[in-house]
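Inspection log for the structure reproduced underneath, given as structure tokens.
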Amino acid sequence: MQNVLCDREGHLAIVTVNRPQKLNALDAQTIGELDCCIAALEQDATVGAIVITGAGEKAFVAGADITVLAKQGVLDGSDNARLGQALTSRIENCKKPVLAAINGFALGGGLELALACDCRFAAENAKLGLPEVSLGIVPGYGGTQRLPRLCGTGIALQMILTGDPVTATEALRIGLVNGVFPAADLLPQVKAIANKMVSRGPQALALAKQAVRRGMHLSMQDGLALEADLFGAISSTAEMKEGMAAFLEKRRASWIRGS
Ligand code: COA
């Protein structure tokens, strides 16, 4: 991979979008590399959680690559949106927790990438926004759907229709990010949160995420039925037996992760 770095620290995978000279803007190659990377990490039983961040101190991801967008027509415009949507959906549906460490600008496709993650944390200097309308286009990688579901229609429409970014502090206030840290502390803090998740039962994490993600699209009644089914599915697994035994024996659980 040329534009994406993938580092391992124990059961944690750190994925870095690495085009700092273009503020980590997403071209087709970068989207493809991210997609392959997340797919491989999801299949790797030794990976417990994934952190996505951007290279350099300035940007998480400053959007889709505008030099590519500038040349697109109707067909390749739709293809481009589908490519970005396939990546963001893969992240959203990934069996492992995926956390965004937003270390600077998260604009357009960059914010849409972060919106697909399970939790978002920002550096104090970060700016987050969907500026597409100021370029005469609309968000295409899921922003019009995920932002209102996360922050409510009024906040989302204000951000989308003005195109104005919000500061990290404002992002925290509107529920767009879960926490804000000084830039130097961002990655260590996000890794610590991810490692806390990794210390929990891996199958339980996958099913809990599935319950929330799928439940968001269901009625309360159907969501509760899904939750009961998943609760049944985890019952009597070796993981549940180990978790319960560890509690009763006052020891730390030793989870089975495959090879
Ligand atoms: N696509 C392609 N290239 C991008 C880019 C993007 N989304 N965002 C930044 N870049 C490039 C710049 O063109 C510049 O390249 P150059 O050095 O070859 O000219 C380089 O990254 C550095 O960006 P620059 O604009 O010089 O940095 P800045 O600190 O002055 O401004 C931003 C930072 C983020 C405010 C500004 O780059 C910007 O507005 N980018 C576009 C954001 C956007 O609209 N994203 C949504 C796209 S749908």
Side-chain angles (χ1 to χ4, degrees), residues 1-5 15-35 52-92 100-117 120-148 150-151 155-171 174 176-177 180 183-184 186:
M1 292 192 294
Q2 283 183 358
N3 298 340
V4 172
L5 305 174
V15 175
T16 306
V17 184
N18 188 34
R19 284 183 89 203
Q21 70 287 0
K22 294 290 171 195
L23 301 188
N24 306 321
L26 299 174
D27 59 1
Q29 179 175 339
T30 310
I31 291 176
E33 289 182 11
L34 275 171
D35 199 57
I52 302 180
T53 193
E57 292 171 1
K58 210 164 162 184
F60 172 70
V61 168
D65 191 317
I66 296 172
T67 58
V68 177
L69 299 182
K71 296 180 199 138
Q72 75 191 7
V74 176
L75 291 180
D76 44 354
S78 293
D79 285 350
N80 184 359
R82 281 193 205 96
L83 198 68
Q85 288 179 4
L87 169 64
T88 51
S89 293
R90 183 186 292 288
I91 291 168
E92 189 171 63
I102 302 170
N103 55 309
F105 290 111
L107 301 174
L111 180 55
E112 291 172 304
L113 180 68
L115 280 168
C117 294
R120 285 151 294 284
F121 301 90
E124 283 169 348
N125 62 311
K127 291 237 168 64
L128 304 89
L130 293 175
E132 282 85 348
V133 292
S134 54
L135 294 164
I137 56 169
V138 295
Y141 295 175
T144 61
Q145 303 307 303
R146 292 194 179 97
L147 186 60
L150 184 67
C151 297
I155 296 280
L157 280 170
Q158 183 178 340
M159 286 181 67
I160 291 168
L161 299 183
T162 63
D164 285 343
V166 295
T167 62
T169 311
E170 181 66 359
I174 62 177
L176 180 52
V177 298
V180 176
L186 176 69

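Positions are given from 1, in the same order as the sequence printed here. Numbering of ligands and ligand atoms starts at 1, following listing order. Because only heavy atoms are used, hydrogens play no part in the values below, and waters and symmetry mates are left out as well, while side chains stay in.
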Donor-acceptor pair, distance only, cut-off 3.5 Å: does the side chain of [X] make one with the backbone of [Y]?
X	Y	result
N103	A59	yes
E132	G163	no
T88	A116	no
R19	A25	yes

(Q) Within ligand 1, which atoms have a heavy atom of D65 less than 4.0 Å away? (A)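 Contacts of ligand 1 toward D65, numbered from 1: 1 (N), 2 (C).
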Q: Go through ligand 1 atom by atom and flag the ones less than 4.0 Å from a non-hydrogen atom of L135.
A: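 Within the 4.0 Å cut-off of L135, ligand 1 contributes 44 (O), 47 (C), 48 (S).
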[atom] touched by protein (heavy atom, under 4.0 Å):
atom	value
atom 46 (C) of ligand 1	yes
atom 41 (C) of ligand 1	yes
atom 27 (O) of ligand 1	yes
atom 19 (O) of ligand 1	no

For [atom], what is the closest protein heavy atom, and at what distance to 0.1 Å?
atom	value
atom 1 (N) of ligand 1	I66 N, 2.9 Å
atom 16 (P) of ligand 1	K22 NZ, 3.7 Å
atom 30 (O) of ligand 1	K58 NZ, 4.6 Å
atom 38 (C) of ligand 1	L107 CD1, 4.8 Å
atom 22 (C) of ligand 1	L23 CG, 3.8 Å

Q: Evaluate the side chain to side chain contact (heavy atoms under 4.5 Å, CB included) criterion for residues R120 and L150: first the C-alpha distance (whole Å), next the side-chain angles of each, then the deciding distance (0.1 Å), finally the verdict.
A: CA-CA 11 Å; R120 285 151 294 284; L150 184 67; 3.5 Å; yes
Q.
Heavy-atom distances under 4.0 Å decide this one: backbone, side chain, both or neither, for Q21 against ligand 1?
A.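 Looking at Q21 and ligand 1, just backbone atoms fall under 4.0 Å.
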Q: Give the contacting part of P131 toward ligand 1: side chain, backbone, both or neither, where contact means a heavy-atom distance below 4.0 Å.
A: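 For P131, the contact with ligand 1 is made by the side chain alone.
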Q) Looking only at heavy atoms, which two atoms of L26 and G109 are closest? And how far apart? A)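 Residues L26 and G109, closest heavy atoms: CD1-O, 3.9 Å.
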Q. Any non-hydrogen atom of L69 lying under 4.0 Å from ligand 1?
A.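 Per 4.0 Å heavy-atom rule, L69 contacts ligand 1.
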Q. Can you tell me how far the CG atom of N24 sits from the CG atom of L107, to the nearest 0.5 Å?
A.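 Taking CG in N24 and CG in L107, the distance rounds to 11.5 Å.
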Q) For Q29, what residues pass the side chain to side chain contact (heavy atoms under 4.5 Å, CB included) criterion, not counting sequence neighbours? A)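 For Q29 the side chain to side chain contact (heavy atoms under 4.5 Å, CB included) partners, ignoring immediate neighbours, are Q2, N3, D27, E33.
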Q. Going by distance alone, is a donor N or O of one side chain under 3.5 Å from an acceptor N or O of the other, for D65 and T67?
A.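 Checked: D65/T67 side chains pair up, N/O donor to acceptor below 3.5 Å.
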**Q.** Steps toward side chain to side chain contact (heavy atoms under 4.5 Å, CB included) verdict (V133, T162)
**A.** CA-CA 8 Å; V133 292; T162 63; over 6 Å; no
Q | Option with minimal heavy-atom separation from atom 43 (C) of ligand 1, where the choices are A62, G63, G163, S134 | A |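 Nearest heavy atom to atom 43 (C) of ligand 1 lies in A62.
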